Chemist: 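Quick one: the structure is below, and I'll ask about it shortly.
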Amino acid sequence: MPQSTIVRLEGITKVYGMGDTTVHALAGIDLMIEQGEYCAIMGASGSGKSTMMNVIGCLDRPTDGQYYLDGQDVAQLSDRDLAHIRNQKLGFVFQQFHLLPQLSALENVMLPMVYASVPTAERKERAAEALIRVGLGQRLQNRPNQLSGGQQQRVAIARAIVNRPVLLLADEPTGALDSTTTREILAIFGELNESGMTVVMVTHESEVARCTNRVIWFKDGQVMQSYLAPEDLGTVTAA
Amino acid sequence: MDWVESGKMAVKTLTANKMRSSLTMLGMIIGNASVIAMVGIGQGAQRLASEQFESLGPNVLFISPGSNQARQRATNLPRTLIWDDAKAIASQVPAVQEVAAQKQGQYPIVYGGLNSSSSITGTTPSFLSVRSFDVAKGRFLTDLDLQRNQRVVVLGADLANRFFSDQDPIGKRIRIRNVSFQVIGVMRPKGSFLGSNQDDAAYIPLTTMSSTLTGRTSPYGLDVTFISVSAKNEASVPAAEFQITNLLRRRHKIVSQDDFTVQAQKDILQIVGTITGGLTAMLAAIAGVSLLVGGIGIMNIMLVSVTERTQEIGLRKAIGASGQDILVQFMIEAVLLSAAGGLIGTGVGVGGTLLVATFSPLKAAISPAAIALAVSVSGTIGLVFGVIPARQAAKLDPIVALRSA
Ligand SMILES: Nc1ncnc2c1ncn2[C@@H]1O[C@H](COP(=O)(O)OP(=O)(O)OP(=O)(O)O)[C@@H](O)[C@H]1O
Ligand SMILES: [Mg+2]
């Protein structure tokens with residue numbers, strides 16, 4: 001299978017504020033992420049990880065630089081087109097789950113398809129499929145407050161993959177979970193990646209990063225090192 | 001974005017917070033209910049007044065002392081209208097059928113241990129036919145009674161009933177302002193006119209009224225409170241009005257301003273219509289203000305809701321909602337709130353109007369125009385006052401929205 005490039009960043013910068021208080025959250029990033037990769041992004045707090053996830057996720061525009069998502073130049077797109085790209089090509093998983101409390105698990109997962117104008121009957125079917133895939137086939141009608149943290153994060157993952165995105169982005173998806181639940185969630189990410197999904201995940205824990213097959217290390221808004229093998233991680237964290 | 005889904009979502013969001021939603025709707029409910037009830041009651045008052053004047057008959061004209069302007073200013077009416085005027089009209093105006101002169105007063109009436117303060121009308125025999133009254137028992141006043149200043153009285157139905165209950169009042173003597181009068185008749189019940197009970201009344205000869213109760217107070221002759229005239233038919237009303245005016249001007253030697261006013265039923269209806277119409281408009285305007293306040297309440301709550309649901313908005317944008325999708329979502333919520341409030345308020349208003357119609361003489365009526373107006377206005381208010389919060393929601397930056405934990 002010929003590999004295609006999902007993310008290509010060229011000289012991406014993101015500057016916050018102006019005058020004396022400018023912060024270079026991203027200070028010139030060049031990065032490629034190929035189809036089928038499973039990446040972890042690590043780095044100190046404030047090093048720009050979330051900022052970059054937002055740029056990759058088309059939630060934020062870079063101050064400067066080129067960004068090609070799945071071969072398409074997205075830097076110049078309108079807000080409306082970006083919304084469409086987020087809906088069709090990207091899936092997000094957040095640390096705080098961000099489920100809508102008044103909706104059931106099934107309805108939460110159906111939400112992205114509402115904005116994609118998928119026919120109603122198909123929405124239900126696909127949402128149920130996605131929930132079964134993350135192991136929540138028995139909890140379709142439960143509200144978020146009737147689910148554990150791990151279960152809620154699974155609903156969020158199901159919601160992220162239901163529109164079959166080309167890229168799954170997760171910013172500290174296990175940050176709010178205990179170690180057992182973390183392992184379960186990581187197993188799901190692993191399965192998704194094995195079935196061909198490109199996954200990029202921010203994490204602070206090296207055990208989590210070790211499950212991936214590439215670690216991108218951030219410092220002061222720049223990519224310091226991009227390790228291809230998780231075995232190398234031990235030496236870095238020790239250093 | 002499909003509308004069915006958006007509608008369902010809005011209903012879900014609104015019902016998730018029932019207390020707040022219903023309190024928000026309360027403004028619209030009160031606004032709508034008051035518009036409909038106020039307009040209904042105002043129009044009821046209008047109809048009641050018109051009907052009562054219409055019941056006088058289309059041929060009737062009233063002549064009262066003082067010019068229109070003078071009567072608006074003066075509390076003490078001029079005593080320029082006299083019985084001789086009435087006699088002159090009866091004999092000299094061809095378009096006129098009959099003429100009744102009336103002198104009104106309010107005096108204590110006593111019979112045995114019972115007493116009452118009732119309206120006393122000194123009048124002439126033609127009063128019955130001109131004003132379409134009827135005698136139930138005994139007889140009415142005659143010309144002879146007037147010529148002889150007889151102390152005789154015809155009682156209104158309620159007054160007779162109060163004093164005599166099942167006894168026969170005919171021939172009994174009652175005291176009006178300490179003067180003894182003999183009861184010669186009882187009127188048939190007539191109902192109330194503009195809020196005053198026409199059956200709680202007593203009728204005595206005009207001449208007796210003047211000589212024994214009021215005393216003569218005008219230098220011109222036997223002054224009267226007003227003169228009722230019936231024209232030959234409806235078509236002759238304008239002619240009668242014109243001829244009476246000319247005659248009185250001549251008799252009163254008017255050079256500039258009239259010291260009397262002639263009004264046909266039509267003129268009175270017009271005046272009543274203007275007054276009650278203005279009243280209705282004023283009531284509606286006041287109620288309209290509460291509708292506006294209701295709209296501002298909706299805007300207020302929607303703004304709070306946008307702030308509270310920042311994360312939801314951020315999340316929706318992250319999974320693909322455009323600014324327009326968010327705008328539509330919040331607009332639908334605002335319009336649903338106000339329209340639902342409008343509908344409930346309409347129900348309350350209609351109920352209130354019907355209640356007033358059943359328990360008061362006001363013939364309060366449900367005005368379809370007022371309902372249409374109130375419901376469409378409340379829908380529009382939802383649209384107008386929903387725009388600001390919805391736009392605020394739509395332009396939220398998804399990152400900022402997501403981060404606000
Ligand atoms: N909206 C903003 N305005 C100003 N500065 C910002 C803004 N967002 C981020 N920053 C700054 O940009 C830098 C990078 O922030 P970012 O959130 O990307 O860090 P991070 O690597 O995700 O940190 P953490 O591990 O704590 O999540 C920080 O110095 C932060 O203060
Ligand atoms: Mg972060």
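We name chains A, B, ... by the order of the sequence lines, and we start the count at 1 in each one. None of the values given here were measured: they were computed from a predicted structure.
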Chemist: Would the number of heavy atoms belonging to other residues, nucleotides or ligands and lying under 6.0 Å from CD of B/Gln270 be above 12?
Modeler: no
Chemist: Write down the atom of B/Pro398, the atom of A/Leu59, and the distance for their closest heavy-atom approach.
Modeler: CB-CD2, 3.8 Å
Chemist: Run the numbers on B/Ile319 and A/Arg159 for side-chain contact (heavy atoms from CB on, under 4.5 Å), then give the verdict.
Modeler: CA-CA 9 Å; B/Ile319 61 173; A/Arg159 182 180 62 193; 4.2 Å; yes
Chemist: Specify the closest pair of heavy atoms between A/Arg123 and B/Glu5, including all atoms of both residues, with the distance to one decimal.
Modeler: NH1-OE1, 2.9 Å
Chemist: Name the region of A/Gln88, side chain, backbone, both or neither, that has any atom closer than 4.5 Å to a heavy atom of chain B.
Modeler: neither
Chemist: Quick one: closest heavy-atom pair of B/Ala16 and A/Gln102, and the distance?
Modeler: CB-CB, 4.0 Å
Chemist: Working to the nearest 0.5 angstrom, can you tell me the gap between A/Asp79 CG and B/Lys317 NZ?
Modeler: 7.5 Å
Chemist: Go through the atoms of A/Arg143 and report whether side chain, backbone, both or neither lie under 4.5 Å from a heavy atom of chain B.
Modeler: neither
Chemist: If I take atom CZ from residue A/Arg61 and atom CD1 from residue B/Ile399, how far apart are they, to the nearest 0.5 angstrom?
Modeler: 10.5 Å
Chemist: Let me know if A/Asp60 has heavy atoms under 4.5 Å from chain B in its side chain, its backbone, both or neither.
Modeler: both
Chemist: Check the surroundings of atom CD1 in B/Ile388: do more than 12 heavy atoms from other residues, nucleotides or ligands lie under 6.0 Å from it?
Modeler: no
Chemist: Rounded to the nearest 0.5 Å, what's the gap from CG on B/Leu402 to CG on A/Asp171? Could you check?
Modeler: 10.0 Å
Chemist: Do A/Phe94 and B/Leu315 touch side chain to side chain, with heavy atoms closer than 4.5 Å?
Modeler: yes
Chemist: Under 4.5 Å heavy-atom distance to chain B, tell me which part of A/Leu90 shows up: side chain, backbone, both or neither.
Modeler: neither
Chemist: Rounded to the nearest 0.5 Å, what separation is found between the NZ atom of B/Lys12 and the CD atom of A/Glu107?
Modeler: 3.0 Å
Chemist: Treating A/Arg80 as the side-chain partner and B/Ser322 as the backbone partner, does any N or O pair qualify as donor plus acceptor under 3.5 Å?
Modeler: no
Chemist: Which atom pair, heavy atoms only, marks the closest approach of B/Ala321 to A/Ala83?
Modeler: O-CB, 3.8 Å
Chemist: For the candidates B/Gly323, B/Gly314, B/Ala318, which exhibits the highest count of non-hydrogen atom pairs separated by less than 4.5 Å from chain A?
Modeler: B/Ala318
Chemist: With chain B as the partner, which of A/Leu103, A/Leu99, A/Ile85, A/Leu82 has the greatest number of non-hydrogen pairs under 4.5 Å?
Modeler: A/Leu103
